[in-house]
Amino acid sequence: CTLLVLTVGGIVSGKAKNRNKVDFTLTDIAVCAYLLWGAVNIALVRKAVLDPFLIAKWTSLAGLYILVRHLGSKKVSFYAIALSGVVQSVIAILQHAGKIEGGHTAFAVTGSFGNPGPLGGYIAVCLTVTICLLWNKVKERHITSTLLLPIAVVLQLAGLYFADSRSAWIASAAGVLYWLGKNHIILPKRSRIVVYIGVIFIVLIGGIALYNYRPASADSRFLIWNVSSQVAAERPLAGHGVGSFCRIYMPRQAEYFMEHPNSRYAIVADNVAYPYNELLHIAIEQGIIGLLLALALLGIAFFRSREDVDNRIAKCGLSALLIFSMFSYPASVFPLLALFPVLLGCVDGMTTFTIRPGKGLQIVSVTVITILLACSVPVLIELQERRKEVQSKVNGSSGPTERYTNLENIVPNCENYCLLADRYIQAGKVEQAEQTLISASYMIPTRVRPKYKLWELYLFSGDTVRASETARRII
């Protein structure tokens, strides 16, 4: 929705800020540096087969950033975000009322996402931007916007409530607090540092509240962060490669429980596809280099940019998105990930140099933007297909598991390793099947299926001693 409104807005409004010159800011340079490292990381560090989907995703994000930077008015981006938040909220309300089916069998309200978490995070960012727009329009006494924006805020508050995401509420509160502080509503001008301390305070207090609200969910995140930090330490400089987390995490979780068989986290362990912390995610996949480049980009966007109203709105949205990313996985959900380049593109940094393009260069730039944005189409199609694949597995259909013949073809998790072990047994590779089932049994210590299959394997092999030991583990 945001992409559609941005594109239409760019065509209708859209004249570039100044067709006679293009200003390059520190933020632009930082974005280019981060994207360049991402390309190098994908080409040289990532060990898996090159995924066209990954290339399409990164290029579409670059296209979004360039598009927003070339819009004639930032308001197009802000109202696109607000509108998309209203759309998601209306979908959530209708799902709660039973008029529309959710996107997950276990949750009634998911919006157009796969589960309520990303929905809550998306609405939180949109709500933050909408509140900032409303506050500004009230000050300007803009009658039409003052009448419509409160409706948008109420709808998004309802959507956020039905999404039931703890992290999303904290994120939205932090973004609004940033706005209040930057506009000197609750703090004097010389005490801006208190704004950032206040955000940290909200995160800490919110963290305690989040833990007490769902302690099992919080403990599972502590387990994931613990294991993920060990994974990051294995290759600290350049990381394991972009998109590698889901292929390397679960075997490490199995190793963790092998070393800590009596861990209190065993009861909350499950299959994990995300680290639930984007800074940790970057450290694992892109190493210290990627992490420092990302932090430098954010530092430049927040502290080396102009202090006008539009920049403040963009930074408030970014604040909410960043806080949410400390507890969730927006980089793995394309609509949430797309908010990063959109909001970054709205931040006007300090100009470092200016070029004056001719008509030929303008045509080339428009063509490049079009091509980059076209890459988002296969990304969205692929995301939909992958969601259907996951849903088919949840509903019990075999789907693509028929092609699983070796470790390179699957994402390691408990269920997939059980399927792989079946393949090994059919091929007469009993030792490989045993090792695979042992690893699967430690990935999720409370899961019975891999232990049961291991018990069957030992009985089939005539090893009654280990069959008895495995049976005791099951009991």
Side-chain angles (χ1 to χ4, degrees), residues 78 81-82 84-86 88-89 92 109 111 113 116-139 149-188 191-215 217-218 221 276-279 298 301-302 309 311-330 333 336 339-340 342-343 346-347:
F78 297 146
I81 292 173
S84 64
V86 170
Q88 289 296 332
S89 299
V109 177
F113 298 88
L119 169 66
Y122 192 88
I123 294 178
V125 177
C126 297
L127 174 62
T128 302
V129 172
T130 306
I131 290 174
C132 294
L133 285 172
L134 174 60
W135 195 285
N136 190 50
K137 291 303 178 182
V138 168
K139 289 181 64 177
L149 287 173
I151 299 174
V153 169
V154 171
L155 288 173
Q156 290 175 66
L157 283 171
L160 192 58
Y161 174 77
F162 292 135
D164 192 26
S165 172
R166 303 157 295 169
S167 303
W169 282 104
I170 299 298
S172 186
V176 172
L177 177 63
Y178 185 93
W179 171 261
L180 295 176
K182 278 295 183 180
N183 284 274
H184 323 307
I185 296 166
I186 60 175
L187 297 172
S191 301
R192 292 180 183 178
I193 190 65
V194 180
V195 175
Y196 306 108
I197 296 175
V199 172
I200 295 173
F201 180 77
I202 279 186
V203 172
L204 293 176
I205 298 299
I208 296 173
L210 292 177
Y211 182 85
N212 291 325
Y213 182 57
R214 291 176 186 168
S217 176
R221 278 170 169 74
Y276 291 91
N277 184 295
E278 289 305 337
L279 292 181
L298 293 173
F302 276 93
V309 172
N311 270 10
R312 289 173 185 171
I313 295 176
K315 291 177 188 178
C316 288
L318 270 177
S319 298
L321 187 54
L322 289 172
I323 294 300
F324 182 73
S325 70
M326 296 299 100
F327 307 100
S328 193
Y329 46 94
V333 182
L336 268 169
L339 290 176
F340 275 106
V342 170
L343 291 169
C346 291
V347 177

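Computation of the quantities below employed the complete heavy-atom set of this structure, encompassing side-chain atoms and omitting hydrogens, waters and symmetry-equivalent molecules.
- Pro116 places none of its side-chain heavy atoms less than 4.5 Å from the side chain of Asp164.
- Between Phe327 and Tyr276, the gap from one ring centroid to the other reaches at least 6.0 Å.
- Taking every heavy atom of both residues into account, Gly159 and Ala92 meet most closely at CA-CB, 4.3 Å.
- Here Leu149 contributes atom CG and Cys132 contributes atom SG; the two are 11.0 Å apart, rounded to the nearest 0.5 Å.
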Which donor-acceptor pairs under 3.5 Å do side chains of residues 168-175 form with protein atoms, sequence neighbours excluded?
none

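- Between Tyr178 and Phe302, the ring planes lie perpendicular to each other; the angle is over 60°, past the 30° to 60° tilted range.
- Within the model, atoms CD1 of Ile123 and OG of Ser89 stand 3.5 Å from one another, a figure rounded to the nearest 0.5 Å.
- The CD1 atom of Ile131 sits 4.0 Å away from the CG atom of Leu127 when rounded to the nearest 0.5 Å.
- Atom CG of residue Leu321 and atom CE of residue Met326 lie 9.5 Å apart, to the nearest 0.5 angstrom.
- Taking every heavy atom of both residues into account, Val333 and Pro118 meet most closely at CG2-CG, 3.9 Å.
- For the pair Gly317 and Val129, the tightest heavy-atom approach, listed with the atom from each and the gap, is CA-CG2, 4.0 Å.
- Partners of Thr130 according to the side chain to side chain donor-acceptor pair (under 3.5 Å) rule, which considers only residues two or more places apart in sequence or in another chain, are Gln156.
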Determine whether Trp135 and Leu180 satisfy the following criterion, side-chain contact (heavy atoms from CB on, under 4.5 Å), listing intermediate values before the conclusion. CA-CA 10 Å; Trp135 195 285; Leu180 295 176; 4.1 Å; yes
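- Minimum heavy-atom separation, Gly117 to Phe324: O-CZ, 3.4 Å.
- From Glu278, atom CD reaches atom OG of Ser328 across 7.5 Å, with rounding to the nearest 0.5 Å.
- Here Phe113 contributes atom CZ and Tyr122 contributes atom OH; the two are 6.0 Å apart, rounded to the nearest 0.5 Å.
- Closest approach of Ala82 and Leu133 over heavy atoms only: CB-CD1, 4.4 Å.
- With sequence neighbours excluded, the residues forming a side chain to side chain donor-acceptor pair (under 3.5 Å) with Asn311 are Lys74, listed by chain and number.
- Nearest heavy atom pair, residue Val342 against residue Ile81, reads CG1-CD1, 3.9 Å.
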